Amino acid sequence: MIKNHLKPLRGERGWSQSTLGDHLGVSRQTINAIEAGRYDPSLPLAFKISRLFNLPIESIFEDGESHLLPISLNTYPCGKAPIR
Amino acid sequence: MTPEQATYRYFKVFVPAQCVYAAGSIGITWVGENSNLSSTVLYTLAFVPIVAIFVTFWAHWRFATEIDEFLQLIQLKGTLFGIACVMVVASGWGTLEMLADAPRLSVFWLLPIFWIAQSVATAFISKREGVF
């Protein structure tokens, strides 16, 4: 399961779960399940949440990886990008 | 559309369709046993509950498309459990009929088994997921 900071973000704005659900077009039950970590939202819903709070997705959701490698290092596991 | 609105729309079709299904099934069975109608007429009348079954599934499909992704997942899990129960009963009892001369089980009962299993599973999963 992916951890998330939805509850504090919602709390900062003083929104109820129903209000946040209305903003996102989902039910209160869905917001409750996401906040409780029982359900990981789909990518389209994660993007909606990101846009609503005006934050990048990775600052709202955490998959447990502490950092992301630059794409060239991810692509080439030896850590060396080809010389152009 | 809110889940409450979708549920209301669903039951507005589901309840009358199930009444037609039950009345149609009982009525046609009674007519078949107590009248001399031709088999063509009986086959035609039998389409009444069949159409009711189709309408019920259509309403359920519409309901599942009107709710959000988390509630859809619960419906999907419940439906899979219902299908699994039907398959286990149908194949299991079929095997017993074939190999152990078990009494015949009418396939009529597969639909009630599906709805009961699906409803119980959906209620159980909803409770576990904190939906109500």
Side-chain angles (χ1 to χ4, degrees), chain A residues 1-68 71 74, chain B residues 1-18 55-87 114-132:
Chain A
M1 276 290 172
I2 293 174
K3 291 178 184 173
N4 67 79
H5 307 293
L6 204 54
K7 194 173 181 177
L9 287 169
R10 177 173 65 79
E12 282 172 14
R13 284 155 181 78
W15 290 343
S16 66
Q17 288 181 338
S18 294
T19 309
L20 178 56
D22 290 343
H23 282 296
L24 296 168
V26 297
S27 62
R28 175 194 62 75
Q29 292 91 335
T30 301
I31 299 299
N32 183 44
I34 295 170
E35 286 185 358
R38 289 194 307 269
Y39 175 67
D40 290 335
S42 66
L43 203 49
L45 181 55
F47 271 107
K48 265 188 178 178
I49 294 169
S50 163
R51 274 194 294 272
L52 180 67
F53 289 110
N54 201 24
L55 289 168
I57 286 180
E58 59 267 31
S59 68
I60 302 173
F61 297 97
E62 283 178 30
D63 67 348
E65 299 291 327
S66 57
H67 61 276
L68 293 172
I71 189 145
N74 274 340
Chain B
M1 179 174 292
T2 65
E4 289 76 19
Q5 288 171 322
T7 304
Y8 177 71
R9 269 162 63 89
Y10 171 60
F11 278 109
K12 225 168 63 173
V13 176
F14 177 84
V15 172
Q18 287 302 294
V55 169
T56 304
F57 276 109
W58 167 77
H60 199 90
W61 178 268
R62 186 182 66 171
F63 171 69
T65 56
E66 287 175 345
I67 53 180
D68 67 44
E69 57 186 52
F70 171 63
L71 299 176
Q72 278 175 350
L73 183 64
I74 292 173
Q75 286 296 320
L76 184 67
K77 286 177 179 175
T79 302
L80 280 175
F81 183 78
I83 291 169
C85 286
V86 165
M87 297 305 283
F114 169 77
W115 282 118
I116 291 168
Q118 194 268 354
S119 306
V120 170
T122 303
F124 176 78
I125 297 165
S126 298
K127 181 76 180 161
R128 195 186 62 186
E129 298 292 343
V131 172
F132 54 75

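It should be emphasised that the depicted structure is a prediction, and the values quoted were computed from it without experimental measurement.
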All inter-chain donor-acceptor pairs under 3.5 Å (chain B, chain A):
from: B:D68; atom 1: OD1; to: A:T30; atom 2: OG1; distance (Å): 2.7
from: B:D68; atom 1: OD2; to: A:S27; atom 2: N; distance (Å): 2.6
from: B:D68; atom 1: OD2; to: A:S27; atom 2: OG; distance (Å): 2.7
from: B:D68; atom 1: OD2; to: A:T30; atom 2: OG1; distance (Å): 2.8
from: B:E69; atom 1: OE1; to: A:S42; atom 2: OG; distance (Å): 2.6
from: B:E69; atom 1: OE2; to: A:Y39; atom 2: OH; distance (Å): 2.8
from: B:E69; atom 1: OE2; to: A:S42; atom 2: N; distance (Å): 2.8
from: B:E69; atom 1: OE2; to: A:S42; atom 2: OG; distance (Å): 3.3
from: B:E129; atom 1: O; to: A:R38; atom 2: NE; distance (Å): 3.2
from: B:E129; atom 1: O; to: A:R38; atom 2: NH2; distance (Å): 2.5

Contacting region of A:P44 [heavy-atom separation from chain B under 4.5 Å]: neither
Check the surroundings of atom CE in B:M87: do more than 12 heavy atoms from other residues, nucleotides or ligands lie under 6.0 Å from it? no
Measure B:L73 against the heavy atoms of chain A and call it side chain, backbone, both or neither at under 4.5 Å. side chain
